[in-house]
Number of protein chains: 2
Amino acid sequence: MAELVFDANDCAACPIRHRAVCARCEPDELERLEEIKYYRHFESGQHIVWGGDQMDFVASVVSGIATLSQAMEDGRTQMVGLLLPSDFLGRPGRKEAAYDVTAVSDVTLCCFRRKPFEQLIETTPHVAQRLLEMTLDELDAAREWMLILGRKTAREKIASLMAIIARREAALRMSKAANGARFELPLTREAMADYLGLTIETVSRQISALKRDNVIALEGKRKVLVPDFNRLLAETGDDADGGLLI
Amino acid sequence: MAELVFDANDCAACPIRHRAVCARCEPDELERLEEIKYYRHFESGQHIVWGGDQMDFVASVVSGIATLSQAMEDGRTQMVGLLLPSDFLGRPGRKEAAYDVTAVSDVTLCCFRRKPFEQLIETTPHVAQRLLEMTLDELDAAREWMLILGRKTAREKIASLMAIIARREAALRMSKAANGARFELPLTREAMADYLGLTIETVSRQISALKRDNVIALEGKRKVLVPDFNRLLAETGDDADGGLLI
DNA sequence: CGCCCGATTGACAGTTGTCAAGGAGCGTGG
DNA sequence: CCACGCTCCTTGACAACTGTCAATCGGGCG
């Protein structure tokens with residue numbers, strides 16, 4: 001599926017070209033990026049980096065999904081970031097990874113060697129500007145997430161997560177999806193629990209409850225059908241229009 | 001206290017000059033900033049902006065403390081940001097405030113008209129670079145905060161907040177504070193509850209519990225004494241060294 | 001076929017929220 | 001100067017939600 005990217009190796013043909021950190025680059029800037037880039041592939045479940053590890057690259061997610069998470073000594077884990085295609089991984093100026101990064105599906109990264117990338121940021125404005133924009137978006141997303149973690153009930157948390165994923169799917173396909181929606185959960189129950197600050201049992205119970213109340217329907221464990229999207233939004237606890245970013 | 005700033009009106013004499021968004025500016029860039037800046041003062045408890053409001057400025061906090069928060073329809077409120085002196089308020093490219101901003105002490109802002117500030121970001125690199133750095137720091141802080149909200153117990157939450165505040169105080173005074181620490185809580189119990197995703201009753205009970213266990217001592221309601229800082233850190237649930245940013 | 005992993009469900013316990021009463025500090029006004 | 005009212009905080013009793021522990025289910029794969 002992502003093999004095309006490897007073959008092409010050409011930014012112009014890149015599927016995330018218009019959304020990634022390189023989105024605003026001029027042709028000469030792209031050339032400089034091409035010089036320092038290389039692709040890496042990770043299989044589902046594989047750890048990409050561990051928090052505290054040396055990290056001598058930054059990267060764009062080309063395909064697949066990865067998570068950022070923090071663990072406490074006793075094993076409690078909180079996901080703090082969900083990386084989708086076009087999202088940026090790593091921080092210029094930081095040598096060690098701050099979080100654990102895990103592939104939750106097969107993942108292809110477009111990596112840039114850190115040092116040259118940092119120089120590039122200093123000297124060309126378009127990468128830095130785009131990175132600022134993306135970081136501000138991530139910060140907004142983190143703040144929505146904080147509301148979910150701090151103040152929502154388990155049921156509202158699950159509904160919120162479903163709504164977020166449904167919106168992203170819709171955004172990717174550029175389809176408004178009429179009224180209903182149908183999407184695939186990219187996360188296991190455990191990943192959902194780590195995302196929402198719950199246990200897997202509570203996640204499972206609340207999904208069953210939403211199913212029982214006909215807010216959602218399931219096909220298998222992963223495919224979700226939402227007959228009335230507004231009904232789902234009402235369950236998130238957000239106001240009518242919903243301000244969920246991302 | 002902040003009156004000096006108003007009198008001077010001179011960036012060179014500004015107390016946050018070296019940490020704010022203007023930290024890396026060259027003299028000519030500072031001049032351009034001076035042209036579009038103006039000071040505003042808010043009293044403790046006053047709302048600075050409401051989420052959704054038109055906002056035609058961005059700003060640096062010169063003195064005092066302000067909070068960013070989101071409210072749900074039914075009144076549940078989650079704080080999503082705590083603005084201290086030198087922190088940045090607002091987002092270039094955004095017309096409407098995304099969050100409620102409230103002064104929790106008397107606050108002085110150094111405001112920049114939004115449009116000219118956005119132009120400045122496009123044309124001069126140093127403001128944008130510094131803003132990127134600050135935004136990345138905020139994102140890290142938000143992610144630490146997410147771990148607190150999602151996975152820590154009420155007791156750990158309170159201990160974490162105390163540790164964060166104590167560290168900030170120490171950073172401001174550039175003092176290492178030997179082993180013990182002594183600081184003033186800048187937040188009401190309600191603000192602490194909104195910060196931590198708790199109720200004021202739980203906040204109050206856990207503070208009492210930490211007091212009873214001699215982890216902290218109180219002078220009045222706001223002044224906190226920490227006889228053994230490592231003991232407090234142990235209560236946060238973080239590993240030995242603790243990775244708390246900010 | 002049997003194993004394994006992820007998911008579901010049940011019973012119960014524990015933490016935190018809710019509701020309610022009362023205390024402490026502080027400014028105002030008699 | 002004291003009383004009053006106000007706000008913020010504390011504490012108690014109880015309820016509710018979510019976590020814990022355990023058993024079971026179901027699909028995929030060797």
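A quick note: this is a predicted structure, and the numbers were derived from the prediction, not measured. Naming convention: chains lettered A, B, ... in sequence-line order (proteins, then strands); numbering from 1 in each chain.
- Residue Gly197(A) is in sugar-phosphate contact alone, with no base atom involved, counting any heavy-atom pair closer than 4.0 Å across all strands shown.
- Judged as a salt bridge (Lys or Arg N to Asp or Glu O under 4.0 Å), and not counting sequence neighbours, Glu43(B) has no contacts.
- Between Ser208(A) and the phosphate of dT8(C), there is no side-chain N or O to OP1/OP2 separation shorter than 4.0 Å.
- We find the CG-OG1 distance between Asp194(A) and Thr77(A) to be 5.0 Å, quoted to the nearest 0.5 Å.
- Rounded to a whole Å, the CD atom of Glu201(B) is 12 Å from the P atom of dA20(C).
- Protein atom CG of Leu198(B) is 10 Å distant from nucleotide atom C1' of dG17(C), rounded to whole Å.
- The nearest whole Å value for the distance from the CG atom in Leu218(B) to the P atom in dT11(D) is 10 Å.
- Within 6.0 Å of CZ on Arg182(A) lie no more than 12 heavy atoms contributed by other residues, nucleotides or ligands.
- Set against dA7(C), dT10(D), dT16(C), the side chain of Arg189(B) has dT10(D) as its closest nucleotide.
- Atoms CE and CD, from Met192(A) and Gln206(A) in turn, are 11.0 Å apart once rounded to the nearest 0.5 Å.
- Of the two residues contacting DNA chain D, namely Glu190(B) and Arg205(B), the nearest-nucleotide position lying further toward the 5' end is that of Glu190(B).
- Across the protein-nucleic acid pair, Gln206(B) atom CD and dG17(C) atom P stand 10 Å apart, rounded to whole Å.
- Atom CG in Asp74(B) sits about 10 Å away from atom P in dT18(C), given to the nearest Å.
- Comparing the end axes of the helix from dC1(C)-dG30(D) to dG30(C)-dC1(D), each fitted to five base pairs by superposing C1' atoms of four pairs onto the next four, gives an inter-axis angle of 20° (nearest 10 degrees).
- For Leu196(A) and dT18(D), the CG to P distance is 12 Å, given to the nearest whole Å.
- Between Glu235(B) and Arg231(B), at least one side-chain N (NZ, or NE/NH1/NH2) sits under 4.0 Å from a carboxylate O, which counts as a salt bridge.
- The residue from Ile158(B), Val226(B), Leu210(B) that alone fulfils the side-chain contact (heavy atoms from CB on, under 4.5 Å) condition with Val215(B) is Leu210(B).
- Within the nucleic acid shown, Thr188(B) comes within 4.0 Å of sugar-phosphate atoms alone, with no base atom in reach, counting heavy atoms only.
- In this structure, Leu185(A) atom CG and dT8(C) atom C1' are separated by 15 Å, rounded to whole Å.
- The aromatic rings of Trp145(B) and Tyr195(B) sit parallel, their planes meeting at an angle under 30°, below the 60° perpendicular limit.
- The Lys221(A) side chain lies nearest to dA7(C) when the options are dT16(C), dT18(D), dA7(C).
- To the nearest angstrom, P of dA22(D) lies 15 Å from CD1 of Ile200(A).
- Distances shown here put every side-chain N or O of Arg155(B) at or beyond 4.0 Å from the OP1 or OP2 atom of dT15(C).
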